[in-house]
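In what follows, a structure is listed as structure tokens, so that the remarks can point back to it.
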Protein chains: 2
Amino acid sequence: MIETAIFKALADPTRCAIFEKLAAGGMNASALRQGMAISQPAMSQHLSVLRNAKLVREQRQGRFVNYEVDPEGLALIAGWLARYRAYWPERIDALKLLLKDMDP
Amino acid sequence: MIETAIFKALADPTRCAIFEKLAAGGMNASALRQGMAISQPAMSQHLSVLRNAKLVREQRQGRFVNYEVDPEGLALIAGWLARYRAYWPERIDALKLLLKDMDP
DNA sequence: CTGATACATAAGCGCATGCTTATGCGATTC
DNA sequence: GAATCGCATAAGCATGCGCTTATGTATCAG
């Protein structure tokens, strides 16, 4: 189950923060560490987990590795969420925001 | 972070299966166990985790406890997802399906 | 009241997980 | 070529997590 891997990846607050930081703009692993009180190997391991979960993808640039959000992971979460749309109507405020500027 | 609790709850495949089963219709804990090769205490513990994550809610009926999907958890996931809609356009097939029969 | 049922909780155990330190490896700089 | 930088990986350790068995509590049946 790929969704399980995604949820497992996001279950760690540090990885959640890394993903959120990457969502603000792609950057390399060292830049990600700035202001995050995390060791270099730990960051590397977290990025590996996020990468396997399709939440993040890499792009080598010389000796740097630029990381960015991988839309595939988000699409998979959306797909999972879609299976339960029968339960949305009771509270879809966030959902309405979510689909506001899509498919107008 | 409540979203972290939600992702942590869904990170376990057994809990994911329990949630999926409940999505097909509310039922009590014993009925949930049918065909799931899981002990009664384990089920109770899983339901507790799902309940704390707002993914499931309970409703006592005599000595039975009927469980059902709590839309709030799904709405929270949708809210989390909405924060990253900047990355959707690359692959929104699932999302389009998702919002098809909403707010027409 | 007695027993059974539905469920929750406590305690303990094995395994996964996230961290650390240490090391390796390719790319850049001098 | 030597030193350095950016990153990955290995090994070890402490904690968390999901399971088990055992027990507690509330509801129902007789």
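Naming: A, B, ... by sequence-line order, numbering from 1 per chain.
- The CD atom of Glu58(A) sits 17 Å away from the P atom of dG6(D) (whole-angstrom rounding).
- At least one side-chain heavy atom of Leu47(A) sits less than 4.5 Å from a side-chain heavy atom of Leu32(A).
- When the nearest nucleotides of DNA chain D are assigned to Arg63(A) and Arg60(A) by heavy-atom distance, the more 5′-ward of the two goes with Arg63(A).
- Residues Glu58(A) and Ser48(A) form no side-chain contact, since every pair of their non-hydrogen atoms from C-beta on lies 4.5 Å or further apart.
- For dT9(D), its base never sits under 3.5 Å from the side chain of Gln40(A) at any donor and acceptor pair.
- Taking each heavy atom of Gly73(A) and Ile6(A) in turn, the nearest pair found is O-CD1, 3.7 Å.
- Only Asn28(B), listed by number, bring a heavy atom of residues 12-28 of chain B to less than 4.0 angstrom from any atom of DNA chain C.
- Regarding Ile38(A), its CD1 atom lies at a distance of 17 Å from the P atom of dG6(D), rounded to whole Å.
- Rounding to whole angstrom units, CE of residue Met43(A) and C1' of dT9(D) are separated by 17 Å.
- Base engagement by Ser44(A) is indicated by at least one non-hydrogen atom pair under 4.0 Å involving a base atom.
- The distance between atom NZ of Lys8(A) and atom P of dG16(D), rounded to the nearest whole Å, is 18 Å.
- Along DNA chain C, the stretch of nucleotides lying under 4.0 Å from any heavy atom of chain B spans, 5' to 3', dT5(C) to dA10(C).
- Between the CZ atom of Arg33(A) and the P atom of dA8(D) there is a distance of 12 Å, rounded to whole Å.
- Classified by interplanar angle (parallel below 30°, tilted 30° to 60°, perpendicular above 60°), the ring pair Phe7(A)/Trp80(A) is perpendicular.
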Inset, instruction - Apply the test side chain to side chain contact (heavy atoms under 4.5 Å, CB included) to residues Ile77(A) and Leu10(A): give CA-CA distance (whole Å), side-chain angles for both, the deciding distance (0.1 Å), then the verdict. - result: CA-CA 11 Å; Ile77(A) 296 180; Leu10(A) 292 171; 3.8 Å; yes

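- Atom CD in Gln45(B) sits roughly 14 Å away from atom C1' in dT23(D) (whole-Å rounding).
- For Tyr67(A), a side-chain nitrogen or oxygen approaches OP1 or OP2 of dA8(D) to under 4.0 Å.
- The side chain of Ser39(B) contributes no N or O atom lying less than 4.0 Å from OP1 or OP2 of dC19(D).
- In terms of heavy atoms, Ile38(B) sits closest to Arg33(B) at O-NE, 2.9 Å.
- When the P atom of dT27(D) is taken as reference, atom CG of Asn66(B) falls 17 Å away, rounded to whole Å.
- Residue-to-nucleotide proximity on DNA chain C shows that, of Gln61(A) and Pro41(A), the 5′-proximal contact is made by Pro41(A).
- You'll find the side chain of Tyr87(A) stays beyond 4.5 Å of the side chain of Leu22(B), heavy atoms only.
- Listed by first and then second residue, the side chain to side chain donor-acceptor pair (under 3.5 Å) pairs involving residues 1-28 of chain A are Arg15(A)-His46(A), Glu20(A)-Arg83(B) (not counting sequence neighbours).
- Ser39(B) places none of its side-chain heavy atoms less than 4.5 Å from the side chain of Gln45(B).
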